[in-house]
Trainee: 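I have a structure here, written as structure tokens, and I will follow up with some questions on it.
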Amino acid sequence: MSAQYDSPSSGGASPSVSGHRRALAVVLAAGEGTRMLSRLPKILHKIASRAIVSHVLDAIGAAEVDSIAVVVGPDRQDVAAEVHRAAPGASVHVQSERLGTAHAVLAARPALEAETDDVIIAFGDTPLVQPQTFDRLRAALAEGAAVAVLGFEANDPTGYGRLLLEDGELAAIREHKDATEDERAIRLCNGGIMAIAGAHALSLLERVDNDNAKGEYYLTDVVAHARAAGLRTTALIAGEEELQGINDRAQLAAAEAVIQKRLRLAALRSGVTLIAPETVFFSFDTVLGRDVVVEPHVVFGPGVTVEEGAVVHAFSHLAGAVVRAGADVGPFVRLRPGADVGTGAHVGNFVEIKNAKLGAGVKAGHLSYLGDAEIGAGTNIGAGTITCNYDGFAKHLTRIGEDAFIGSNSSLVAPVTIGDRAYTGSGSVVTREVPDDALALGRAQQVNKEGWAARVRALHASRAKNRS
Ligand code: UD1
Ligand code: MG
């Protein structure tokens with residue numbers, strides 16, 4: 001036992017004067033996830049429109065951790081880029097060979113060498129952990145434990161490390177492959193998330209060897225090493241749902257189900273009506289105001305805000321869009337990135353909107369494509385209106401003023417501007433600017449041929465008579 005175990009403060013890693021305990025989180029993300037059968041590394045697969053690893057980083061961020069170190073596999077620029085997006089302050093470390101979880105933590109050695117009170121270790125493929133759970137682990141360290149481990153009662157413990165208790169205290173963790181028959185009967189499993197007192201972290205990790213069934217450096221061995229050094233170790237219990245990891249597509253779908261359940265509950269608790277919650281799918285960042293009503297079978301992609309009192313009717317798909325207060329959209333509406341539906345506006349069935357701003361009170365009731373457009377307040381968009389925004393090379397803008405009236409089945413060939421209070425006749429192809437208060441007619445003149453139908457009918461009747 002080294003002297004520093006007896007006087008943890010001698011290493012300088014004691015709580016700061018203010019009482020705030022400094023924390024470093026190490027996230028292990030060096031696994032490839034071969035069971036996903038994917039070109040994409042496992043932790044970049046998404047649940048609720050966000051990469052698995054980023055959910056872990058979000059939870060850690062919300063737990064007020066001071067620094068984050070993420071361990072990635074060699075040549076994983078894609079993982080590093082996602083980490084930088086989700087947690088810009090995080091340091092990224094490369095584990096060049098996959099020699100086990102303790103070895104992976106040590107890949108973040110520069111981060112571990114900085115003074116800290118708590119070291120939290122989380123797995124990048126366990127995205128359902130809640131921020132409060134990290135706080136619980138840290139509280140155990142604050143109360144004097146050197147190692148605190150999160151355990152759960154597994155329905156099927158196969159494959160997990162088992163928590164071995166002695167007199168109610170955590171004595172060791174035995175990996176499934178190394179466990180005896182008796183130990184395998186234990187259902188209390190290691191959830192994989194652990195906290196180690198900063199003063200002891202490096203020396204405990206360095207004691208781990210690879211003398212076991214897998215020939216790996218097991219992180220879980222730090223428990224036995226801590227006990228041998230006379231340090232306190234403890235296990236906290238969390239729900240299996242929170243600790244379930246993702247190794248294959250079935251577990252990916254199971255995690256999606258858990259996160260959707262949470263997001264639906266959060267929406268309901270914030271004053272949103274979901275008529276059939278189990279049919280609505282949210283993104284991690286969906287923002288819904290009070291008294292929003294979401295009808296059944298609605299899918300929210302990333303970046304959607306629906307303001308107070310707005311209604312999203314059934315079978316709609318929204319991504320990167322804003323629906324302002326009191327507006328209603330759908331059923332069967334598609335709002336794509338850049339769609340901005342103004343206050344009190346009405347967007348009806350089979351309307352697709354992309355990168356288009358609709359002012360307050362705009363009505364687009366039926367069957368339209370509005371892309372790359374600005375539409376002034378109070379304007380009515382007739383059924384079947386199309387903004388022809390693409391010429392095969394570039395996208396162009398359609399500008400429509402306030403209180404205008406676009407006749408049904410108008411094709412607005414961009415770039416084009418239609419003035420305030422202007423009309424376009426139904427079926428018009430509008431290629432030139434329409435001034436304020438004008439009517440644009442861009443269609444063939446109607447010609448009536450008097451008596452034509454009667455003459456044709458008579459001709460056919462006489463031919464039929466001659467044949468019989
Ligand atoms: C681990 C635990 C086990 C626990 C289980 C919970 C160990 C030795 N075992 O087992 O007690 O019940 O998680 O899910 O810790 N990783 C690396 N580099 C490596 C090895 C792993 O970054 O060299 C990462 C993986 O990407 C993954 C995590 O560490 O995110 C866990 O590794 P994994 O091989 O899945 O460990 P398990 O066998 O599941
Ligand atoms: Mg695993």
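Atoms within each ligand, like the ligands themselves, are counted from 1 in listed order. What's counted below: heavy atoms across the whole structure, side chains too, no hydrogens, waters or symmetry copies. As the structure is a prediction and not an experimental result, all values here were calculated from the model.
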Trainee: Should E278 and R264 count as an ion pair when the cut-off is N to O under 4.0 Å?
Mentor: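 Looking at R264 together with E278, the answer is no, because their closest N to O distance does not fall below 4.0 Å.
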Trainee: Between L288 and V272, what is the shortest heavy-atom contact and its length?
Mentor: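 Nearest heavy atoms, L288 then V272: CB-CG2, 3.6 Å.
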Trainee: Are R138 and E64 close enough for a salt bridge, meaning some N to O gap below 4.0 Å?
Mentor: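 Judged by the 4.0 Å cut-off on N to carboxylate O distance, R138 and E64 do not form a salt bridge.
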Trainee: Are E240 and Q244 close enough that a side-chain donor and a side-chain acceptor fall under 3.5 Å?
Mentor: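 No donor-acceptor contact under 3.5 Å links the two side chains.
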Trainee: Hey, are R227 and E169 close enough for a salt bridge, meaning a charged N less than 4.0 Å from a carboxylate O?
Mentor: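 Yes, charged N to carboxylate O under 4.0 Å.
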Trainee: Would you indicate whether the side-chain heavy atoms of M36 and L252 approach each other to under 4.5 Å?
Mentor: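 L252 vs M36: side chains touch.
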Trainee: What are the atom names and distances for all N or O pairs under 3.5 Å between ligand 1 and the protein?
Mentor:
unit_1: ligand 1; atom_1: 9 (N); unit_2: E175; atom_2: OE1; d: 3.0
unit_1: ligand 1; atom_1: 9 (N); unit_2: E175; atom_2: OE2; d: 3.1
unit_1: ligand 1; atom_1: 11 (O); unit_2: G161; atom_2: N; d: 3.3
unit_1: ligand 1; atom_1: 11 (O); unit_2: E175; atom_2: OE1; d: 3.4
unit_1: ligand 1; atom_1: 11 (O); unit_2: E175; atom_2: OE2; d: 2.6
unit_1: ligand 1; atom_1: 11 (O); unit_2: N190; atom_2: ND2; d: 2.8
unit_1: ligand 1; atom_1: 12 (O); unit_2: G161; atom_2: N; d: 2.9
unit_1: ligand 1; atom_1: 12 (O); unit_2: N190; atom_2: O; d: 2.7
unit_1: ligand 1; atom_1: 15 (O); unit_2: T101; atom_2: OG1; d: 2.8
unit_1: ligand 1; atom_1: 18 (N); unit_2: Q95; atom_2: OE1; d: 2.7
unit_1: ligand 1; atom_1: 22 (O); unit_2: A30; atom_2: N; d: 3.2
unit_1: ligand 1; atom_1: 23 (O); unit_2: Q95; atom_2: OE1; d: 3.3
unit_1: ligand 1; atom_1: 23 (O); unit_2: Q95; atom_2: NE2; d: 2.9
unit_1: ligand 1; atom_1: 23 (O); unit_2: L99; atom_2: N; d: 3.3
unit_1: ligand 1; atom_1: 23 (O); unit_2: G100; atom_2: N; d: 2.8
unit_1: ligand 1; atom_1: 23 (O); unit_2: G100; atom_2: O; d: 3.1
unit_1: ligand 1; atom_1: 26 (O); unit_2: G31; atom_2: N; d: 2.9
unit_1: ligand 1; atom_1: 30 (O); unit_2: L28; atom_2: O; d: 3.3
unit_1: ligand 1; atom_1: 38 (O); unit_2: K214; atom_2: NZ; d: 3.4

